[in-house]
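Below: one structure, written as structure tokens.
Values below: all heavy atoms of this structure, side chains included; hydrogens, waters and symmetry mates excluded. Residues: numbered from 1 along the sequence shown.
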Amino acid sequence: MQYDRIDARILEIVQRNNRLTTEVLGEQAGLSATACQRRLKRLRSDGIIEADVSIVSPKAVGRPIQMLVLVSLERERSDIIDRFKRVIKSSAEVVNGFYVTGDADFVLYITARTMEDYEQFTRRFFYENPDIKGVKTMVIMDRVKASFAVPVEAPSED
């Protein structure tokens with residue numbers, strides 16, 4: 001996956017606002033709208049841009065309870081890890097899931113309508129899964145920053 005200095009500029013801009021027209025985006029990146037559109041298409045097809053999303057307020061859509069959950073598996077076998085990854089991907093309550101190193105095997109960001117709903121989810125999702133050794137839940141008091149923006153450095157020109 002290769003990108004140049006102009007691609008890096010486009011990536012910076014679309015991470016702040018992906019609703020800009022190609023005309024406005026091109027203006028800000030110093031390109032024509034057509035050239036900008038071609039570059040965006042390539043950045044998406046190359047997998048550099050993985051998705052175009054909107055960040056939705058959990059509270060505004062009736063899911064004010066937010067948690068970070070550390071999950072430890074019984075054994076670190078590839079079949080168990082792969083199976084749990086599939087379970088994570090199929091769950092609407094799990095907004096983000098990360099396979100990590102350290103004290104836990106996975107870190108999950110979960111939303112719920114109420115604590116009672118979260119309790120029902122934990123029974124179904126964690127306690128009925130024999131592959132899970134332990135779960136630690138941290139309730140989020142305040143979401144200080146919500147972003148998927150990644151710092152993009154322009155490649156050096158040799």
Side-chain angles (χ1 to χ4, degrees), residues 1-73 76 78 80-113 118 121-122 125-126 132 134-158:
M1 289 188 240
Q2 295 289 327
Y3 68 94
D4 63 18
R5 165 181 71 73
I6 296 170
D7 291 334
R9 178 72 180 131
I10 290 170
L11 292 169
E12 286 175 2
I13 296 166
V14 297
Q15 285 189 102
R16 282 193 307 273
N17 182 354
N18 70 352
R19 295 184 61 190
L20 297 175
T21 65
T22 52
E23 288 80 14
V24 172
L25 183 56
E27 247 177 59
Q28 292 182 15
L31 294 173
S32 70
T34 306
C36 193
Q37 194 169 31
R38 274 195 309 270
R39 283 177 179 263
L40 278 172
K41 183 178 179 181
R42 183 182 46 76
L43 291 167
R44 288 182 178 110
S45 68
D46 287 354
I48 295 173
I49 295 177
E50 293 181 1
D52 293 289
V53 299
S54 295
I55 298 174
V56 175
S57 164
K59 291 176 185 173
V61 295
R63 301 189 68 80
I65 309 296
Q66 302 169 74
M67 284 80 46
L68 290 176
V69 182
L70 307 177
V71 180
S72 299
L73 301 178
E76 285 202 47
S78 60
I80 293 172
I81 291 166
D82 292 343
R83 185 169 45 241
F84 192 63
K85 285 179 179 180
R86 284 191 300 274
V87 170
I88 290 170
K89 289 176 183 177
S90 69
S91 171
E93 291 90 350
V94 178
V95 178
N96 287 296
F98 304 94
Y99 178 45
V100 298
T101 62
D103 294 338
D105 297 307
F106 288 87
V107 176
L108 309 179
Y109 168 58
I110 297 171
T111 65
R113 288 188 308 254
Y118 178 63
F121 171 78
T122 59
F125 193 83
F126 300 122
I132 295 177
V135 175
K136 290 184 182 177
T137 300
M138 297 177 284
V139 176
I140 296 172
M141 304 294 286
D142 183 22
R143 185 172 76 174
V144 178
K145 180 179 180 179
S147 173
F148 286 102
V150 175
V152 180
E153 293 182 23
S156 60
E157 295 183 20
D158 297 327

If you measure from CD1 on I81 to CG on D105, what distance do you get to the nearest 0.5 Å?
6.5 Å
Output the distance between atom CD1 (I49) and atom CZ (R44), rounded to the nearest 0.5 Å.
5.0 Å
Of the options L108, V135, V69, V71, which is the one that meets F125 in a side chain to side chain contact (heavy atoms under 4.5 Å, CB included)?
L108
Could you walk me through whether M67 and T122 pass the side-chain contact (heavy atoms from CB on, under 4.5 Å) test, one step at a time?
CA-CA 12 Å; M67 284 80 46; T122 59; over 6 Å; no
On a heavy-atom basis, the closest approach of R113 and P64 is O-CD, 3.6 Å
Determine whether more than 12 heavy atoms belonging to other residues, nucleotides or ligands lie under 6.0 Å from atom NZ of K85.
yes
Carboxylate-amine/guanidinium contact K136 D103, below 4.0 Å
no
Measuring from atom CZ of R38 to atom CG of L31, what distance do you get when rounded to the nearest 0.5 angstrom?
9.0 Å
What do you reckon, is CZ of R5 surrounded by more than 12 foreign heavy atoms closer than 6.0 Å?
no
So do the side chains of I132 and F106 get within less than 4.5 Å of each other, counting heavy atoms only?
no
Return the CZ to CZ distance between R39 and R42, rounded to the nearest 0.5 Å.
6.0 Å
Give a yes or no on this: more than 12 heavy atoms of other residues, nucleotides or ligands lie within 6.0 Å of atom CZ of R83.
yes
Where S72 and A104 come nearest, the two heavy atoms and their spacing
OG-CA, 3.8 Å
For the side chain of S91 and the backbone of I88, is there at least one donor-acceptor N/O pair under 3.5 Å apart?
no
N17 side-chain N/O to R19 backbone N/O, donor-acceptor pair under 3.5 Å:
yes
To the nearest 0.5 Å, atom CD1 of I10 lies from atom CG of L25 at 5.5 Å
On a heavy-atom basis, the closest approach of G26 and C36 is N-SG, 3.8 Å
Closest heavy-atom pair and its distance - A8, A154
CB-CA, 3.8 Å
Okay, side chain of D46, backbone of I48: is any donor-acceptor separation there less than 3.5 Å?
no
Rounded to the nearest 0.5 Å, what separates atom CZ in F126 from atom CZ in F84?
5.5 Å
So which heavy atom on Q15 is nearest to which on V152, and how close?
NE2-CG2, 3.5 Å
Using only atom types and a distance under 3.5 Å, with no angle test, would you say the side chain of E93 pairs donor to acceptor with the backbone of A112?
no
